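Each chain gets a letter, A, B and so on, in the order the sequences are listed, and its residues count up from 1. None of the values given here were measured: they were computed from a predicted structure.
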Amino acid sequence: MDRASTDLLADLTARGLIHDTTDRANLETRLASGPMSLYVGFDPTADSLHVGHLVGQLFLRRFQMAGHKPYPLAGGATGMVGDPSGRSDERNLLDLDTLRHNVSRIELQLQRLLDFTPGTAQAVLVNNADWTEPVHLLDFLRDVGKFVTVNQMLAKDSVRSRLDSDNGLSFTEFSYSLLQANDFRHLYEHHGVELQAGGSDQWGNIVAGVDLIRRGLGKSAHAITHPLVTKADGTKFGKSVDGAVWLDPDKTSPYAFRQFWIQVDDVMVARYLEMFSLRPLEDVRATVEAHAEAPEKRLAQRELARELTVMVHGPEAADAADEAAAVLFGADPTQASEAALVVVAREVPSSAMQSAQLDDLLGTLVDTGLASSKSEARRTLQQKGYRANGVQLDENAQLSDIALLHGRYLLLRKGKANHHLVEIS
RNA sequence: GGGUCGGUACCCAAGCGGCCAAAGGGAGCAGACUGUAAAUCUGCCGGCUCAGCCUUCGUAGGUUCGAAUCCUUCCCGGCCCA
């Protein structure tokens, strides 16, 4: 276990997961001396975490695999205030019901990727509302505020950029880092948590906690941040055409989640594998090399998608997503099993129709949403953009001429990746 | 309140009496090529009962054989003056 701990920082470094740490030698020594506790906070700004949060969650997981004790934290209290970090304008406060609901959803997700079975490295889920709500204002000002100077707070990038902007910064958001600092102190005092991790945008908030622990308790704590995940073209990571890629299967289906990773650019796939995969770095590097040999096989993307889909949604959902993709992107849908088509029906837009409706080809294409107007349907037909059960359609095509899959399915496809499954009755 | 410039299709933007469903660029869609990638090239990119017809150029009227283009009303935006 000591060996694992010693290697941990080296492994994280090799994976490009370390942006900044407090005194590195110190941290290394501490890690080598035995298991420690660490925490990462997640604010309930939505009713689900998204792929951008995975790096933080996996940070906890990596430490746990090395024998350390992770404390995933749901920001029931900090979520009420709003973190100004990385934002150019003031957040809208969420109402309490929404917040409570969000916390409960996020707590479920925080329990997915970590090991909660009893043991020295057992994960512990905490919520900062539990120790923040009971605190009285005057106590807070005396016990926390007194250890922090406004001068320091004003020096933070996140604060300064807002002061320079037209949008200003409310006192509420200004105080955010005090709450987070107090979290770290609380966890240090009551749970022996010595390390806080987070994204590089959290550095200021994290070291505020380190400072508070030193000034208030006379103890020394550690901080570590990971780089924020970026995309090759500079656009925000974690957004697909349909919006954010959520971890909640009701918000982003396991199939859509899988596809998000499958469609990662070649230039970024090695980086993402290093950052997200829990497999040993040598294995990851071997995959990347094999990928470079034959990039058209998308080996790296497939490994990445498989591992993360299994991790987040479980092996059954990952199998079903694989199968659906095989039907949709495989050469010949007529070979698909009926079970696979049932999966597909859940994953792509689908509808039920009478066989007579198929006589109206243009109408069907509009009804299924594969064309926004009959004109567009006609144009796309002229451009050979539609297939039905794998057969290319033209303007004179009759859908009724096409053999249904398993006697009742018609799989329509526009272009490469737009599908609609019609069940005929 | 006065003056002035402007409001064109998803976005930017040309057009300034007929050849205008409206140049060009971007975005988007399809095809070729591919690898469910990137790049490139080609086509499309208001609607329909599609060799034709209908509805669009802030709004409502008007002039004209004919208007996105000229005149007037009103609405909205920029700038200057008060």
Quick one: look up who [N] pairs with, Watson-Crick or G-U, both distances under 3.5 Å, and put none if it's unpaired.
N: B/C48; value: B/G52
N: B/U69; value: none
N: B/G31; value: B/C41

May I ask you to verify if any side-chain N or O of A/Asn418 is less than 4.0 angstrom from the OP1 or OP2 atom of B/A30?
yes
Does B/G31 have OP1 or OP2 sitting under 4.0 Å from an N or O in the side chain of A/Lys416?
no
Mind checking [X] for me? I need base, sugar-phosphate or nothing, with any heavy atom below 4.0 Å counting as a touch.
X: A/Arg387; value: nothing
X: A/Ala294; value: nothing
X: A/Gln382; value: nothing
X: A/Ser375; value: base
X: A/Arg379; value: sugar-phosphate

Side chain of [X] - closest among [options]:
X: A/Asp265; options: B/C45, B/A37, B/U49; result: B/A37
X: A/Ser373; options: B/C48, B/U49, B/U36; result: B/C48
X: A/Lys414; options: B/U36, B/C50, B/C29; result: B/C29
X: A/Arg302; options: B/U49, B/U36, B/A30; result: B/U36
X: A/Arg378; options: B/A37, B/U49, B/G43; result: B/U49

Could you state the [atom1]-[atom2] distance from [X] to [N], rounded to the nearest angstrom?
X: A/Tyr272; N: B/A37; atom1: OH; atom2: C1'; result: 13 Å
X: A/Glu293; N: B/A37; atom1: CD; atom2: P; result: 22 Å
X: A/Phe329; N: B/U34; atom1: CZ; atom2: P; result: 19 Å
X: A/Glu376; N: B/A30; atom1: CD; atom2: P; result: 9 Å
X: A/Glu395; N: B/A30; atom1: CD; atom2: P; result: 17 Å
X: A/Asp322; N: B/U36; atom1: CG; atom2: P; result: 15 Å
X: A/Leu381; N: B/G31; atom1: CG; atom2: C1'; result: 13 Å

Under 3.5 Å, is there a donor-acceptor pair linking the side chains of A/Thr78 and A/Asp43?
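Indeed, the side chains of A/Thr78 and A/Asp43 share at least one donor-acceptor pair under 3.5 Å.
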Checking A/Arg279 against A/Thr287: is there a side-chain donor and acceptor pair closer than 3.5 Å?
yes
[X] and [Y] ion-paired at < 4.0 Å:
X: A/Arg100; Y: A/Asp95; answer: no
X: A/Arg61; Y: A/Asp115; answer: no
X: A/Glu307; Y: A/Arg302; answer: no

Please report the shortest heavy-atom distance between A/Asp394 and A/Leu361, naming the atom on each side.
O-CD2, 4.0 Å
Using the [atom1] atoms only, state how far [M] lies from [N], rounded to an integer number of Å.
N: B/A67; M: B/U55; atom1: P; value: 12 Å
N: B/G61; M: B/A13; atom1: C1'; value: 29 Å
N: B/C44; M: B/G18; atom1: P; value: 25 Å
N: B/C19; M: B/C76; atom1: C1'; value: 34 Å
N: B/A22; M: B/G77; atom1: C1'; value: 24 Å
N: B/U63; M: B/C71; atom1: C1'; value: 7 Å

Are A/Phe257 and A/Trp246 near enough that their ring centres are under 6.0 Å apart?
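Centroid distance A/Phe257-A/Trp246: not below 6.0 Å, so no.
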Base B/U36 to side chain A/Gln263, donor-acceptor N/O within 3.5 Å cut-off
yes
